[in-house]
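Notes to accompany the following structure.
Within every chain, numbering begins at 1; the chains are lettered A, B, ... in the order of the sequence lines, protein sequences first and strands thereafter.
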Number of protein chains: 2
Amino acid sequence: MGKITARDVARAFGISKTTISFIVNGKSAEKGISPVLTEKVLGYMKEHGYRPNHFAKSLSTGKSMTIGLMVEKISDYFFSQLVYHLEELANRHGYQIIFCSTENNGARTRELIRLFRNQGVDGFIITPPEGIQAEIRSLQDDQLPFVLFDRYLPGIDADHVVLDNLESTRHAVQYLVERGARHIGYVELDSEQSQMRDRKAGYLQALGAIAGNPRIMRVPFNNGHDDTVTKIAAFIKHNPELDALFFATNYLAMSGMKAMFGLGIRIPQDMAVVSFDDHIVFDTYLPTITAVAQPIAVMAENLFGILISKIKQGPGQPPTRCVIPARLVIRDSTGPPV
Amino acid sequence: MGKITARDVARAFGISKTTISFIVNGKSAEKGISPVLTEKVLGYMKEHGYRPNHFAKSLSTGKSMTIGLMVEKISDYFFSQLVYHLEELANRHGYQIIFCSTENNGARTRELIRLFRNQGVDGFIITPPEGIQAEIRSLQDDQLPFVLFDRYLPGIDADHVVLDNLESTRHAVQYLVERGARHIGYVELDSEQSQMRDRKAGYLQALGAIAGNPRIMRVPFNNGHDDTVTKIAAFIKHNPELDALFFATNYLAMSGMKAMFGLGIRIPQDMAVVSFDDHIVFDTYLPTITAVAQPIAVMAENLFGILISKIKQGPGQPPTRCVIPARLVIRDSTGPPV
DNA sequence: CTGAAAGCGCTTACAG
DNA sequence: CTGAAAGCGCTTACAG
């Protein structure tokens, strides 16, 4: 029905708004309001569809019960899965999520952080692009709760949840070595972000152990599928000795698969393949693809848990740095298991 | 840094909050406030980081500048793409998005609609599950702007944006017929929602034209990948005459591909394949898959456009029913083009 | 051109 | 056990 306010129900019972407020917020017992009255008021509200005005409430409490989520791109498989888990956690704790995609664009992200601050979110979860150190510091100065995700920022000491990119990549590349690969190529994004740097470091470390020669190809960020296919095909042709390929993201691997199909390369006979970031299709098409799987549900839980405790406990807590191990899911693209 | 309010700014200049409010909202000219003052005040605000309190503003205007988005599942490829486009449109128009996944669950959706109403969203975009007619009617009664998406609801006359499911499926199946298929199976979700009903109707219609025998298999909603693979394999074995398969969703097609790979069926030689809902992997793996592509960007634009005009123009407008044609993207799984 | 004042609908010391 | 009152920070007739 129309809007009915706390004052209306107060009038209906001939009592004050204060009492109504206490009842709505479940403080009847604490404030010594009789159970009978409480029941009656609650019943009346239900019947008349009373909804507390969210803005009024937030205005007086200063809490919005919403958290601002900034992912790189909501339509990306990995991020959309993460968001799905976060949503569930948020709802369970009575929070709403407002979100946006940063597009990995510093200027855009700065603007978005400003917007979210205006909106009065209670906390932030941020996948930070490069170059937003100043905004992050400003969040810290203003003691706004936030946690960084997927990558960390040089020079910033803040709560974050990231995968153990280095070790999980090192381990995967080492697995390729154990399976007999000697000339392992590495296809990555043209990015200096921590997650990409760490994955590459893992690759180089595993290669170093066998005194192997790095062969690295970089694909421009946001490059189109078709062009990426072309570029990877060229890379493979220029490095005919390659017997294995590690892809730093799942979309790169998909482009890479297409490139190899086009070249008539057989997987895993001619080329072993591992991709970072699992994807449902890696378990579907032929051959199935070995992948480094990020435990998305676990990451979401840590992210949310850290944020909530920051919101609840207030400032002054030392930052939590959460580094999560990945799992190597072995499939056909690396040949029969050792 | 801390909070600085309109009153602080007013005091700093020895003028009233009213004037400040006009300046902030760009009404200087209209209200005849001198450009000099306006500039000085704006400069001061920028320097001191003034942010209007969003709750106070919404409380007095009754507008929140946020729209509530309810999709079936944010992690689904199709919906995450849609959300990505909607986000861009919303931001461009100064709106924020709060979202949730309905999981196609009526009870959950009812609760979520209640939450969003409490939050005071200015409008809704809803992918409706079955059984929420009452809530939709209540939105209509309360004259809250909303538009339905992806499917419509029996008995509800409301704004909606849906794909032309029947015609696009009919056309795709007819294409299979033209390519020589005679025994065309149909794999769909166990759902009575309009989009599924219409797709099936399109299949039956195309089949009717050649007096073909329908062979339909239904997969339970939310069934696991592996079990779906098993079920589809069984379906194929029980219908050895099948020479083509139409999948009503892309995830079904992925499971179906795996099933066929497992059975050693060659595509398209032994079996032609078409899937509803394009997906990047359909253009990647071998063979590439012919698909009915939903023009997601176009759908998002229509959705948002209709919603905004409802928000702006107020109640009393007749509902807009927008039915969008799909595009058949022909690839290798249907053999060489006719 | 500008300001005093009321109002949006809550919460929460404070007083009894 | 309960209420009057102030306050949260805006907007917007209304008056001059």
Is there a ring-ring contact (aromatic ring centres under 6.0 Å, His included) between B:Tyr77 and A:Tyr77 once you walk through the steps?
CA-CA 7 Å; B:Tyr77 186 79; A:Tyr77 186 79; 8.5 Å; no
Which part of the nucleic acid, if any, lies within reach of B:Gly14 when heavy atoms closer than 4.0 Å are counted: base, sugar-phosphate only, or nothing?
sugar-phosphate
[N] [atom2] sits how many Å from [X] [atom1], rounded?
X	N	atom1	atom2	value
B:Ile23	D:dC10	CD1	P	14 Å
A:Ile33	D:dT2	CD1	C1'	8 Å
A:Phe13	D:dT2	CZ	P	13 Å
B:Arg11	D:dC10	CZ	P	13 Å
A:Asn53	D:dC8	CG	C1'	13 Å
A:Ile15	D:dG3	CD1	P	6 Å
B:Met65	D:dC10	CE	C1'	16 Å

Would you give a per-nucleotide map of nucleotides 11-16 of chain D, 5' to 3', where B means the base has a protein non-hydrogen atom under 4.0 Å away, S means only the sugar-phosphate does, and - means neither?
BBB---
Looking only at D:dC10, D:dT2, D:dC8, the nucleotide nearest the B:Arg7 side chain is D:dC8
As a test of reading the structure: which of D:dG3, C:dA4, C:dC8 is closest to the side chain of A:Ser16, going by heavy atoms?
D:dG3
Using the benzene-type ring in the case of Trp, are the ring centres of A:Phe304 and A:His85 under 6.0 Å apart?
no
Check the pair B:Asp150 / B:Thr127 against side-chain hydrogen bond (donor to acceptor under 3.5 Å, both in side chains), numbers first and verdict last.
CA-CA 6 Å; B:Asp150 191 51; B:Thr127 305; 5.9 Å; no
Pair A:Asp159 + A:Lys310, salt bridge at N-O below 4.0 Å:
yes
Can you check side-chain hydrogen bond (donor to acceptor under 3.5 Å, both in side chains) on A:Asn25 and A:Lys57, steps first, answer last?
CA-CA 11 Å; A:Asn25 293 301; A:Lys57 181 163 187 160; 3.1 Å; yes
Have A:Thr109 and A:Glu135 got a donor and an acceptor in their side chains that come within less than 3.5 Å?
no
Can a donor-acceptor pair be found between the side chains of A:Glu103 and B:Tyr84 at a distance below 3.5 Å?
yes
Give none if D:dA13 has no partner; otherwise give the nucleotide forming a Watson-Crick or G-U wobble pair with it, both distances under 3.5 Å.
none
Atom C1', compared across C:dG3 and D:dC10: separation rounded to whole Å
16 Å
Using the closest heavy atom to pick a nucleotide of DNA chain C for each, name whichever of B:Leu59 or B:Leu37 lands nearer the 5' end.
B:Leu37
